[in-house]
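Structure, as C-alpha cells:
Because only heavy atoms are used, hydrogens play no part in the values below, and waters and symmetry mates are left out as well, while side chains stay in. Naming: A, B, ... by sequence-line order, numbering from 1 per chain.
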Amino acid sequence: MGNENNRELTMAAAISEGMAQEMERDENVFVMGEDVAKYGGIFGATGGLLDRFGADRVMDTPISETAFIGAATGAAAEGMRPVVELMFVDFFGVCMDQIYNHMAKNIYMSGGNVKLPVVLTTAIGGGYNDAAQHSQCLYGLFAHVPGLKIVVPSNAYDAKGMMIEAIRDDNPVMYFFHKGIMGLLWMAYFTGSTTHVPEESYTVPFGKAKVVREGNDITLVTLSQMVHKSMQAAETLESDGISVEVIDLRTLVPLDKDTILNSVAKTNRLCVADEDYLSFGLSGEIVAIVAENLDSIDLTCPVKRLAVKDMPIPYSPPLENAAIPQSSDIENTIRGMMA
Amino acid sequence: MGNENNRELTMAAAISEGMAQEMERDENVFVMGEDVAKYGGIFGATGGLLDRFGADRVMDTPISETAFIGAATGAAAEGMRPVVELMFVDFFGVCMDQIYNHMAKNIYMSGGNVKLPVVLTTAIGGGYNDAAQHSQCLYGLFAHVPGLKIVVPSNAYDAKGMMIEAIRDDNPVMYFFHKGIMGLLWMAYFTGSTTHVPEESYTVPFGKAKVVREGNDITLVTLSQMVHKSMQAAETLESDGISVEVIDLRTLVPLDKDTILNSVAKTNRLCVADEDYLSFGLSGEIVAIVAENLDSIDLTCPVKRLAVKDMPIPYSPPLENAAIPQSSDIENTIRGMMA
Amino acid sequence: MIEPTTDKMLWMYEQMLIIREFEETMVNIYLEGKLPPEIQEGLAFDIGSGPVPGEMHLAAGQEPVAVGTCAHLKKDDTITGTHRPHHFAIAKGVSINALAAEIFGKVTGLGRGKGGHMHLFDVENKFGCSGIIGAGMPQACGAALAAKKKGKDWVTVTFFGEGAANQGSFHESLNLAALWNLPVIFICEDNSYAISVTKDESTAIANNADRAAGYGMPGVSVDNNDALEVFSVVGEAVSRARAGEGPSLIECKTDRYLGHFQGDAEAYRPEGEVEKLRENDPIDLLRDHLVASDAMSDDNEKEIKDRASATVKAAYEFARASDYPDTSEVAQHVFV
Amino acid sequence: MIEPTTDKMLWMYEQMLIIREFEETMVNIYLEGKLPPEIQEGLAFDIGSGPVPGEMHLAAGQEPVAVGTCAHLKKDDTITGTHRPHHFAIAKGVSINALAAEIFGKVTGLGRGKGGHMHLFDVENKFGCSGIIGAGMPQACGAALAAKKKGKDWVTVTFFGEGAANQGSFHESLNLAALWNLPVIFICEDNSYAISVTKDESTAIANNADRAAGYGMPGVSVDNNDALEVFSVVGEAVSRARAGEGPSLIECKTDRYLGHFQGDAEAYRPEGEVEKLRENDPIDLLRDHLVASDAMSDDNEKEIKDRASATVKAAYEFARASDYPDTSEVAQHVFV
Ligand SMILES: Cc1ncc(C[n+]2csc(CCOP(=O)(O)OP(=O)(O)O)c2C)c(N)n1
Ligand SMILES: Cc1ncc(C[n+]2csc(CCOP(=O)(O)OP(=O)(O)O)c2C)c(N)n1
Ligand SMILES: [Mg+2]
Ligand SMILES: [Mg+2]
C-alpha cells in the first residue's frame, strides 16, 4: 500500500472497492449470492461489504441459483441495480435459462423498453487442481449467446474500473474473474495482477482491448490469467530476439476487432492463447476475424491456437498441467511459428 | 412410399423408425420426454412408438428436464440405453448442468470406467416465427463443451442411420433435428429432406461430412436445414457459371476436418452458412481450421460467414427473415466473393 | 369470503368478455393464410404463414384466474405471466391495442414486434411473461424484493401452470420468497393438462396448494373456476403481502377450452370433454350472479357486451393497420 | 426401531473408525507442501500445492449417515453422493486404496486420477458422486428406474446436504420418484451449514423431512446423529423401496467437525461450537452401546481399532507409492 499514489490492491480488493463505491453512490445497488456476506465471497470479491453496508444490501442466498439469479433480473427490471454472484462459472448449468433466455433476451424482446442493469459476477479458471466441475472459463460460451456484455479483467486496475462501468450499465454484464489472479492469501497467483489502483472512482470503458506489450514479429491475443502467462512467454522470447505483441482483450462483448486487426496487419502472424475450450469458441472467433480480413492482412504463417483441447479438466496435477496451456506452451508454439 | 426400393420417408418418420428398430433389437432402449408418448413428440420424432412398445418403454414425463435428463444419465450408467427428448433446444438452460457437467463428463472423470449410452434428441431452428426462446440452433454451444457427440442430420436417410448409430454408441450423443426439415404436416419444409430410406436397419458413421454437391469455385460449408438453402443458392449460382461445392457436416463432434480442408484446397474459397449465432461458435471454428492450414491452402479472397448476427431471434416476420440467413443471402455473399 | 363491489364485479365481467372475445377471435385470425396451405402440397396447415405465425396459446376458459386476481392489483403491482399470457395482460391493464399489434409482429406492438405472443413486456403496467415454463417465478421474487427494498407496498403476482409446478424454479422460488418474506403471490393455473400430459401423469399429489406447507406459507385451492372465489382467495393473499406478511401459494382449478396451441389435434382429450366444461362457463356464472343480485340490467349487459366487442375489434384493426418494423430494427435493442 | 445384528453393529463401528481416521489423517496430508507457502511470498497457504491439491471436503462427524445407511445396502444397490463423499464411498465398500489414490491423482485411482476427490466413480460397487450441489438426485432416479425396468429389487440411495435441499433438482427428483414409484431413498445430511450459510438463512422451514408431504412420500427426521437410529429409519425406507412401495425422504441432523473445506477459516462459526459438538461424538456413542450390551470386549475394540488404522495407513501408503498417469492420458476417455 503505502503512498496513495502508488497504492497497490489485489484484484479481489479492487473489485470489492468498485462495488463499495457504487453502493455508496447509488442506493439501488445491492449484492447477493452464496457466501457473499459473512464470508465475503469465496474468492474475496465482496470482502468487507457486509460490515459496511449491512445485511439488507449484502445478502447471502440459499443454493438456489435459478431463484436468486432470476430474482436479480426481476429486481433490475424494477430499477434496482443488483450485483449477483454465481460462485463458480462451472455451475451455470443449474441457472442458464434465467441467464440467457431472460436476463440476456428480455431487453431485445421488449423492443428496448425494459432495462436490466444487472452485473453477474463469477469465478473462472483452473491451475489449482479443482478438476472438471470447478476449473472452467466458459466466457466464450456466454459471449456466443447474444445479449450479455462479457468482461474479463486481467488485473486490479482494470477490474475496479470495469466493475464500476458494469454497475452503471443498463444492460446485463457478466463479469469473470480468474481465481489465479485475485491475489488470494490461499492460492498462488500471478503477481502482475496486483496493481496500482486509484482510490477515487473511475471507469474503464468496454470494447477497448489493450496492447499490454508492443512487438513486431507476432500478435498474441489473450485475456484474463493467460495475459500473465503470455507476458512471461513474451519476455523469454524477447531474449531470443522474437518480438511479441500481446493484446489483452479485456471484454469479449463488445469485442475490439480493430486492435486485433491493426496488430496482425503489422506483425503478419497470429497466435491466440486461451484457457477456455478450444473448439467452437473464443479462439476460433479471433482467428475468423482475421481470416475475414485477408484482403488487408498478409499472414506469413498459419495461425495457431492454444486452449484446452476439448477435454474436461482433469484433476491429477500432471494431467491438468498438460490440459491447460502454460507459458512454455506459448513459448514453444511461437518459436515454431517463427521457424 | 410405393415400391420399397424407392420408399420415401420424412425425417420425422425416419427418426422414429430408427428408434423403433433399435427398441426391437435391444430391450434396454427406451424413450422418455415431454409429450413423446401419446403425442408422439411435438415434432413427430417418436410417432407411433407408444402404440408399438407400450407405456413402460415410451414414457411421458413431467416438465422436469433436470430430473428426467439426469435420470437418463443415471439409467445409462446402469446399462440402459435411454433416448431422451429435450423438446426444444432452447430449453437447455433449465437442465444444462445435468447435460454438460454429468452426462458429458462422467466418462472422463471416471477414467473411462463409466459408459453412458444415452441419446439426447432435441428440436432446433427458426423460420416459422416462434421467436427468441423457441427458434435457436445452439449446436455450436454443445459442440464447444467436451464430452458430447453432436449429430445434426439434414435429411431422412442420414437421420435414420445416425439415430441407430447414436443409440449403439456407448457415449452420450446429442441429436439435433431441425423443425423445418422434419416433413411435418403443419409446417412448411424443404422437401429435399424427405428421401429414400431403406426399411432395413443401417448406420451412418459419425465424423464423415458429405460433399452433397461438387464444385470448383468455392466451398460452402453448412449443415442441417441450411444445407437445403445452400443447395438452392448453389443451383442458382450455377446458372451464372459459379460452381459451388456444398459440404454437409452431418456431425460436429467428431468433426471431419479433412473433407473441409481438401475442398478448400481445391476451390481456394470458403463460405460458411449457419443458422446458429455468429460469434464465438461454429462458423468461427470452420474458418479457424482452414486458417490453421494456410501453409497447404491458398485463399483467393477473405472467408465469409453467414449466421445469426448476435441478436436474439425476433418474432416479426420481416425481422426474423432478416435475422436468419436465407438462400438469397448465401447467393449474394458468394457472388461478392467471386467478384 | 371477500366480496367485490358491484363496480369491481362489473369490471370483472367486462374483462372476461374482452378476454374471451380476444381469444376466440384469434382462433380464426390465426388460421388466415395457413389454410389451405398454399405454401406446400400435402401440408394440412402451415404454422409459419399468415398474419399471426408461430405458436399460439389461448386462454379461453381460464379468465377467472386472471380477472379474480387482477381485480386486486394496482398499476404498481407486478405480474409475471406464462406462455399463455393474453388473459393476464388484458386484466392487468396492458394496452390491448399494443398487445394485438405485438401478436401481429407490428412496430406498434409492446415490443415493436420483436417479442411476439409469448414475450410481452409492458414497463408502465409492470407486466412481463416468458415462453419458458416456470421462468416467471424467480423474476417475480426479484420484483417483490425490489418493492421491499424500496419500502413500497407493491405486490407481485406470478402465474404458472400445474405443469410448471414440477419445474425446479417453483421450489427454489417458493423457498426464497418465504425465507425472505417477500410480497409475492404464486398462482398456479391448474387446467389439468401440460400439452398432452395430464396432471395425474405429471404430479405426485392431487393439490399443488399442499406444497405450500413445505415452505411454511399458506396454500389454498380454488376448485370451481369461479371468478368470485378467486377474487376472495387472492384478496386475502394480496392483503397479507401488502401488510408485509409474506408470500402465498394459490391453486386455481380452471379449464382450457382450446388446444394447447392452435393446430393441436387434441387426440389426448377424451371425446366430449370440452363440451362438458363449457356447460359450466365462468362468464355465464358471473353474469347470472350479476343478474340475480340485480347488479346488472339487460341494458347494462348489452352495453358491456357491445363495449367489449368494440374493444377487441378495435385492437385487431389497430394491429392490422399498423406497419411492420423496418428490417433495420433487427440489430437494435440487443442492448439499450 | 429396527435393531442391527451385533455383526452389523461391529461393522458399523469399524467403518466409522475407518472413515474418521481417513478424514482426520487427510487434514494433515492436505497441508503437506502447502505450508509454509514456498510458492509465493505473503501467501498463507497454497491450495494448488502438495500431494493433494484442490478443494478438500471432509466428513468427520457425519459418519452415522453413511454407515447407518450402507449397513442396509448390497453391492447391486446404487449410491449417488456429494462433494463431501469419502464417508459414503468407504461405507459402500469402494476400495479405500483406489479412493485414496484418486485423491492423490494417481493412475491407480478410481478414475485414473482424472476425477479427484469430488468425482469418484466405482462401477462395480455402484457408487458415483459430483461436485455440483443437488446433482445426484436426478441420476439416482435414473438408477432406480433402471432397476425397476430390469425387474431387480435394487435400491438407490442419494445423499445431499441441507443446503442442496433448496436446489431445484430436489423438487423435480422427489416428484419424479414419487410419480413413478421408484425405489430411491433421498437422504438429507443436515449439518446446519452450507459453507457459511446456516440452515436458518437458507431454508424456510425447520425440517426438510416435512417437504416429503408435497410429494406424497414418507418423510422422517433423525435428530441425534446416532448411527443406530439412522440404521432403523433407513432400514424401513429400504424395505419399502425393495418391496416396490416407492421412495422415501429421510433427514439426518449431523455435525460437521471440520471446515467446509480445508483452509476454511470458519469465521462464521460460533466460538466453541465444534468442541461442544465433539462432546457427543457418534463413534463414542456406538462404542458405549457396544460395550454396555456386551457386544464388544476390550480386546475386540483394540483389534477393530488397529485394523481400522492399518486399513487407512495402507490406503495412504498405496496412494503415495502409486504413479501419476502419463500425460498422454490427458486426451483419453473423453469418449470410451
Ligand atoms: C422449460 C420448458 N420445458 C418445456 C416447454 C414446452 N412447453 C410449453 S407449454 C408446455 C406445457 C405447460 O403446461 P402448464 O404449465 O400446465 O401450462 P398450460 O399450457 O396448461 O397453460 C410445455 C411442456 C417449455 N416451454 N419450457
Ligand atoms: C450448484 C452449485 N452451487 C454452488 C456450489 C458451491 N458449493 C459447494 S459445497 C456448497 C455448500 C453445500 O452445502 P450442503 O448441501 O449443506 O452440503 P455440506 O457442504 O454441508 O456437506 C456450495 C454452496 C456448488 N458446488 N454447486
Ligand atoms: Mg396446464
Ligand atoms: Mg450442509
Side-chain angles (χ1 to χ4, degrees), chain B residues 10 33-42 55 59-68 87-88 90-95 97 126-135 179-180 183-191 194 308-324, chain C residues 34 37 39-49 52-55 83 102-107 109 111-119 130-135 161 163-169 194-197 201-204 263 267-268 324-334:
Chain B
T10 62
E34 292 154 18
D35 305 284
V36 299
K38 290 192 297 302
Y39 208 104
I42 296 299
M59 307 172 74
D60 279 330
T61 62
I63 311 175
S64 305
E65 286 87 354
T66 291
F68 73 77
M87 190 188 292
F88 288 69
D90 311 69
F91 310 155
F92 83 97
V94 300
C95 54
D97 181 67
Y128 64 104
N129 308 97
D130 220 6
Q133 297 176 335
H134 288 75
S135 302
K179 292 161 253 172
L184 300 171
L185 279 174
W186 48 275
M187 186 185 295
Y189 61 97
F190 285 83
T191 50
T194 295
V308 176
K309 289 207 187 79
D310 305 330
M311 74 269 295
I313 316 280
Y315 164 70
S316 182
L319 297 188
E320 195 209 33
N321 211 56
I324 296 178
Chain C
K34 293 194 180 63
I39 310 301
Q40 196 164 327
E41 235 189 298
L43 228 57
F45 167 95
D46 180 37
I47 187 176
S49 295
V52 181
E55 285 177 69
H83 59 291
E102 186 63 24
I103 296 172
F104 276 69
K106 300 299 180 72
V107 71
R112 303 184 70 80
K114 286 208 163 85
H117 118 94
M118 289 187 272
H119 316 105
S130 169
I132 304 297
I133 297 308
N166 296 312
Q167 182 66 230
S169 59
I195 311 187
S196 71
V197 180
E201 295 170 318
S202 74
T203 311
Y268 55 84
Y324 282 114
D326 190 88
T327 54
S328 67
E329 290 210 13
V330 71
Q332 290 171 19
H333 308 129
V334 180

Tell me the closest heavy-atom pair linking [X] and [Y], and the distance in Å.
X         : Y         : value
Thr10(B)  : Gly183(B) : CG2-O, 3.6 Å
Asp90(B)  : Ala132(B) : OD2-O, 4.2 Å
Asp130(B) : Glu320(B) : N-OE2, 4.5 Å

Exercise. Heavy-atom distance under 4.5 Å to chain B: side chain of Ile133(C), backbone, both or neither?
Worked result: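 Only the side chain of Ile133(C) comes within 4.5 Å of chain B.
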Problem set entry | Engaged part of Val107(C) at the chain B interface, taking heavy atoms whose separation is under 4.5 Å |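 Neither; nothing under 4.5 Å.
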Counting heavy-atom pairs under 4.5 Å with chain B, which one of [options] comes out on top?
options                                   : result
Met118(C), Lys106(C), Glu102(C)           : Met118(C)
Ala165(C), Ser49(C), Gly115(C), Gly168(C) : Gly115(C)
Gly263(C), Pro325(C), Ala194(C)           : Pro325(C)
Gly111(C), Gly109(C), Ser130(C)           : Ser130(C)
Phe45(C), Phe104(C), Tyr268(C)            : Phe45(C)
Val334(C), Thr203(C), Leu43(C)            : Leu43(C)

With a 4.5 angstrom heavy-atom cut-off, could you sort out which part of [X] is near chain C: side chain, backbone, both or neither?
X         : answer
Ser64(B)  : both
Pro312(B) : side chain
Asp310(B) : backbone
Thr61(B)  : backbone
Leu184(B) : backbone
Met59(B)  : neither

For this session: Under the side chain to side chain contact (heavy atoms under 4.5 Å, CB included) rule, what do Gln40(C) and Asp46(C) come out as? Steps first, then yes or no, please.
Result: CA-CA 8 Å; Gln40(C) 196 164 327; Asp46(C) 180 37; over 6 Å; no
Exercise. Does the pair Glu201(C) and Lys38(B) meet the rule for a side chain to side chain contact (heavy atoms under 4.5 Å, CB included), with working shown?
Worked result: CA-CA 11 Å; Glu201(C) 295 170 318; Lys38(B) 290 192 297 302; 2.8 Å; yes
For this session: Check the pair Val197(C), Glu34(B) against side chain to side chain contact (heavy atoms under 4.5 Å, CB included), reporting the backbone distance first and the verdict last.
Result: CA-CA 8 Å; Val197(C) 180; Glu34(B) 292 154 18; 5.6 Å; no
For this session: On the 0 to 90° scale, with breaks at 30° and 60°, tag the His134(B)-Phe88(B) ring pair as parallel, tilted or perpendicular.
Result: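 It falls in the perpendicular class, over 60°.
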Exercise. Do you see a donor-acceptor pair shorter than 3.5 Å between the side chains of Asp35(B) and Ser196(C)?
Worked result: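 Their side chains do contain a donor-acceptor pair, which is all the 3.5 Å distance test asks for.
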Problem set entry | When Pro318(B), Ala131(B), Ser135(B) are compared by non-hydrogen pairs under 4.5 Å with chain C, the top option |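 Answer, by heavy-atom pair count under 4.5 Å with chain C: Pro318(B).
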Exercise. Under the side chain to side chain contact (heavy atoms under 4.5 Å, CB included) criterion, do Leu319(B) and Arg112(C) qualify, and how do the steps go?
Worked result: CA-CA 11 Å; Leu319(B) 297 188; Arg112(C) 303 184 70 80; over 6 Å; no
Exercise. Under the 3.5 angstrom rule, does the side chain of Glu65(B) hit a backbone N or O of Val94(B) as a donor-acceptor pair?
Worked result: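 Not at all, since once roles are kept as given, no pair shorter than 3.5 Å links the two residues.
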